[in-house]
2 protein chains.
Amino acid sequence: MKYSKQRELILNYVLNHNDHPTADTIYTSLKKDNPKLSLGTVYRNLIKLTESNEIKKVSLPGEVDKFDKNLSPHAHLKCNICGCLIDINSLEIDNFIKSISKEQDIKIDNFNIIFDGVCKNCKNN
Amino acid sequence: MKYSKQRELILNYVLNHNDHPTADTIYTSLKKDNPKLSLGTVYRNLIKLTESNEIKKVSLPGEVDKFDKNLSPHAHLKCNICGCLIDINSLEIDNFIKSISKEQDIKIDNFNIIFDGVCKNCKNN
DNA sequence: ATTCTTGCAAAGAGTTTGCATAATA
DNA sequence: TATTATGCAAACTCTTTGCAAGAAT
């Protein structure tokens, strides 16, 4: 993979944002200082960065794909109140994967877990 | 909601298939005996049937939406070998939801859990 | 010099929608 | 008769792709 300034900008954008940006968010934001940047380039680089495991893709049903700097296996919670999407890191996930694999006699290589509900902040305010 | 023959056909199709059909699969199949059926009608009815909780929608990342007659909360396993998509019904899921809600201090109303891996059949053959 | 990447625009897949007509209640 | 649903086609959103020009090795 050859170096490109565009790819560096895109990667840095994702690494510096905790809010799971979309391709279009990244494009619109970076275009301000890089008027020649094209949306195709953003898509192509997000795919490459995902394939090289520098970032992760997060797919929510009925929503545009989002990108995540958090590489560890984790779940997501979509809050119905504030609309935020937050990472859920927990040992419970690993326990769950292990016990369900054993119980169901299946092999789990990867998972996609999304909760709909209310985040900690909204729940306690 | 007014009765329609098209909606009945679409609902029955989903109820009689265990393989999580897509809108297009349903359309193509029903069109054989109902040449005037339109894809728009299929989409509109699948939305209505989902809203009235007669069927469920299953969204897999990067794949077309699928529809499911299994109304109980459950997970899915996508087998990397045979390509099948199977329902995972287990009490472990409920335990997981409860313990993670407590641990993270969040409220979970709904979930979307998809495993990638190897199904029981492929694993043991 | 060769290979990879870009910008641009067009095409693609899947889904939704506007509208006149038809069916249901 | 009033409301809801249909068929058809066009529109829409998100994403991918072909190609000639430009940048990196």
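Computed from a predicted structure; not experimentally measured. Every chain is numbered from 1 and lettered A, B, ... according to where its sequence line falls, protein lines coming before strand lines.
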- NZ of A:Lys31: more than 12 outside heavy atoms within 6.0 angstrom? yes
- Message: Strictly distance-based, threshold 3.5 Å: is any side-chain N or O of B:Thr41 a donor or acceptor partner for the main-chain N or O of B:Leu37?
- Response: no
- In whole angstrom, give the distance that lies between atom CE of A:Met1 and atom C1' of C:dT5. 11 Å
- Query: Heavy-atom contacts under 4.0 Å between residues 5-34 of chain B and DNA chain C, which residues?
  - Reply: none
- Message: I need the minimum non-hydrogen distance between A:Pro73 and A:Asn89, along with the two atoms involved.
- Response: O-OD1, 4.5 Å
- Item | From D:dG7, D:dA5, C:dT6, nucleotide with atom closest to B:Ser4 side chain | D:dA5
- Query: Is there a side-chain contact between A:Phe67 and A:Lys57, using heavy atoms and a 4.5 Å cut-off?
  - Reply: yes
- Query: Whole Å only: how far is the CG atom of A:Leu46 from the C1' atom of D:dT15?
  - Reply: 11 Å
- Find the distance between CG (A:Leu46) and CG (A:Asp65) and round it off to the nearest 0.5 Å. 9.5 Å
- Do B:Lys2 side-chain and C:dT24 base share a donor-acceptor contact under 3.5 Å? yes
- Item | Interatomic distance, A:Glu51 CD vs D:dT16 P [rounded to whole Å] | 10 Å
- Can you pull out how bent the helix from C:dA1-D:dT25 to C:dA25-D:dT1 is, comparing the axes over its first five and last five pairs, to 10°? 30°
- Between the side chain of B:Ser99 and the main-chain N/O of B:Asn95, is any donor-acceptor distance below 3.5 Å? yes
- Note on the structure: Nearest heavy-atom approach of A:Pro21 to A:Ile26 is CB-CG1, 3.8 Å
- Task: Return yes if some donor-acceptor pair links the side-chain N/O of A:Lys66 with the main-chain N/O of A:Val64 below 3.5 Å, else return no.
- Result: yes
- Where A:Ile114 and A:Leu60 come nearest, the two heavy atoms and their spacing: CD1-CD2, 3.8 Å
- Message: What's the separation between atom SG in B:Cys119 and atom CG in B:Asn80, rounded to the nearest 0.5 Å?
- Response: 10.0 Å
- Over how many whole Å does the gap from B:Asp65 atom CG to D:dT13 atom P extend? 18 Å
- Mutual orientation of the aromatic rings belonging to A:His76 and A:His74 [parallel < 30°, tilted 30-60°, perpendicular > 60°]: perpendicular
Collect all protein-nucleotide pairs involving nucleotides 16-19 of chain C in which both atoms are nitrogen or oxygen and the distance is under 3.5 Å.
from, atom 1, to, atom 2, distance (Å)
C:dG18, O6, B:Arg44, NH1, 3.2

- Distance in angstrom units between B:Lys36 NZ and C:dA20 C1', rounded: 13 Å
- In whole Å, what is the span from the CD atom of A:Glu63 to the C1' atom of C:dT15? 16 Å
